[in-house]
Amino acid sequence: MVGIGSFGGYVPRYRLNRMIIFGSMGWLNPVIITNARGEKAVANFDEDSITMAVAAGMDCLRGVDRQSIDAVYFATTTAPYRERQNANIVAGALGARDEIRSADFTGSLKSGTSALLSALEFVGYNGGKAVVCAADCRLGKMASTQEMVFGDAGAAVMVSDSEVIAEYKGSFSVSHDFVDHLRGANTKYDRMWEERWIRDVGYQQFIPQAVQGLCAKYGVSPADFDRIIYPCYYGGARKNINKALQVEQEKVQDDMLATVGDSGSAHPLLMLAAALETAKPGEKILLVSYGSGCDALWFEVTENITKMQDGRGVSRWLARRADLDNYQKYLVWRGMAPAETGIRGETDKETRWSLVWREHKAILGLWGSKCRKCGTQQYPPQRICINPDCQALDEMDPVYLADKGGTVFTYTGDMLAASVNPPAIYGNVNFNGGGRTLMDFTDCTVEDLSVGMPVEFSFRIKFYDPKRDITNYFWKAVPAVGEVK
Amino acid sequence: MAEGIRDKVVILGMGCTKFGERWDAGSDDLLIEALTEALQDAGIEKKDIQAAWLGIHIDEINIGKGATYASGALHTPFIPFTRVDNFCASGRRPSGGPPTPWPRGPAR
């Protein structure tokens, strides 16, 4: 049986109340008040589509042997690299083997479900496990509808040929060169066409077309489904779509517009993760994406679902929130406005690719080493054992530390270091199981930290080299969100 | 009259890495490779070493400040480890460095 083996979500900690956007920019475009309800999730200054995809993947792969993964797919429309496989950075961070299939899915907001379909087909054909990680970090211009509506988030689904929590029953896709939103290869901000046209011709035609196509193909009716998941941030259009499909409102999954915003490629999978948090065995789920057409996928929840309802998904991240009470900070974090970081901020940081390749396991997956002679765990990976009584040479086994967590050993806040989120917070972290390293702390203030407190590791942008357009990643320490139930 | 170090010190052993385009090895690997060979040549163990010197070309384009990079990779005992930057002559200076403190026993 092929289907979903696990799911995960990720919502960044910082939330921007939409009235703050209106308060800052309403003078330019007062009509944005119509979208000024609730809040949207905003990626931290050190987050992007890759880091959020990894965070969702880590959530999804709790308890999963990383060696068992056969494919890693990454879906986004905001990849940091055009050439350099983004999915390999994600796969490396998740601790997957090198001998896997990997691919980037991009170009439309249905790329998340397209990646999921490819993963289902991969596992159907080859067996094993495939992981889909999707995330988006789209930008709208200041005072635009998109700025109001778009939110940043990630979601992940693991497809498996055994112990599935939701069996894959079938799919139907439609593909249209229908341009409602557009970003050219050299464009930073989303541009959209007339909204009535997007609603009437886009959402309200294509989503029913995909659903009715699936129903006709398999001889079922929309009313047969217990949960219907589709993204559409127009409330009126949602009502019309529900009416056209003749489905009851309560069966339609909340679009999280008021808490997250539209997270692009990730959004259908984020809504799916939220649905699976509370789904019951036997439920029929219809998942539909939207963007240059639609993918519609039919799943049926199995008895295994209860094993995965252990805190993974979206709720835990939604609860871990902090107000971003400052519109200017949002502009600087998202690279929409230049900010002075002093002469130190101009320091040229080169990337030595030969070194990155030699050390890629330690950098991407936070792999350390464990001595076969004395059992001492150490980071960074060593050839000579650090234990003074052992000192064995080349007796190391690799050990994946990214999911092990640790504790704060020392910390400081540095107002002199160049940062767009001062003070830069860093210090020594002890790994659970042994080893210690110097790390940045993120998603916290200095006041949140104390010596000995538990931390989790989060894959983040370590630094961006604007001269060469290189985004470099490493793990940072984040105060532990709380143990999974 | 000033006393020289003649007949008071010896080069006990030496090691050298393989030459080549070493994409497989970082500076830590090269240090381990050279020291391992030197220790074998000398017939002593790492714990017998009482002081160490590291010579690098220039720190800005090399392995960084200080000698901790070397002591960390080699996990030397708790001994003084000193870095020397002197361009192409950096390697000679460390080997010439020891005689001054060495006969007096720096680690005592």
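Lettering follows sequence order; numbering is per chain, from 1.
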| said: Can you give me the closest heavy-atom contact between B/I32 and A/R383, atom names plus distance? | reply: CD1-CB, 3.6 Å
| field | Option from A/Q391, A/Q382, A/Q378 for which side chain to side chain donor-acceptor pair (under 3.5 Å) with B/H75 holds | value | A/Q382
| query | Of the backbone (N, CA, C, O) and the side chain (C-beta and beyond), which part of A/I384 lies under 4.5 Å from a heavy atom of chain B, both, or neither? | reply | both
| query | Considering only heavy atoms, which portion of B/D24 lies under 4.5 Å from any heavy atom of chain A: side chain, backbone, both, or neither? | reply | backbone
| said: Are more than 12 heavy atoms, taken from residues, nucleotides or ligands other than B/I11, located less than 6.0 Å from that residue's CD1 atom? | reply: no
| query | Is the CZ atom of A/R101 crowded by more than 12 outside heavy atoms at less than 6.0 Å? | reply | no
| said: If I measure from the heavy atoms of chain A, does B/K46 come under 4.5 Å with its side chain, its backbone, both, or neither? | reply: side chain
| query | Counting only heavy atoms not in B/W23, do more than 12 sit closer than 6.0 Å to its CH2 atom? | reply | no
| said: Taking atom CD1 as the centre, does B/I58 end up with more than 12 heavy-atom neighbours from other residues, nucleotides or ligands that are less than 6.0 angstrom away? | reply: yes
| query | Should we count CZ of A/R352 as having more than 12 external heavy atoms under 6.0 Å? | reply | no
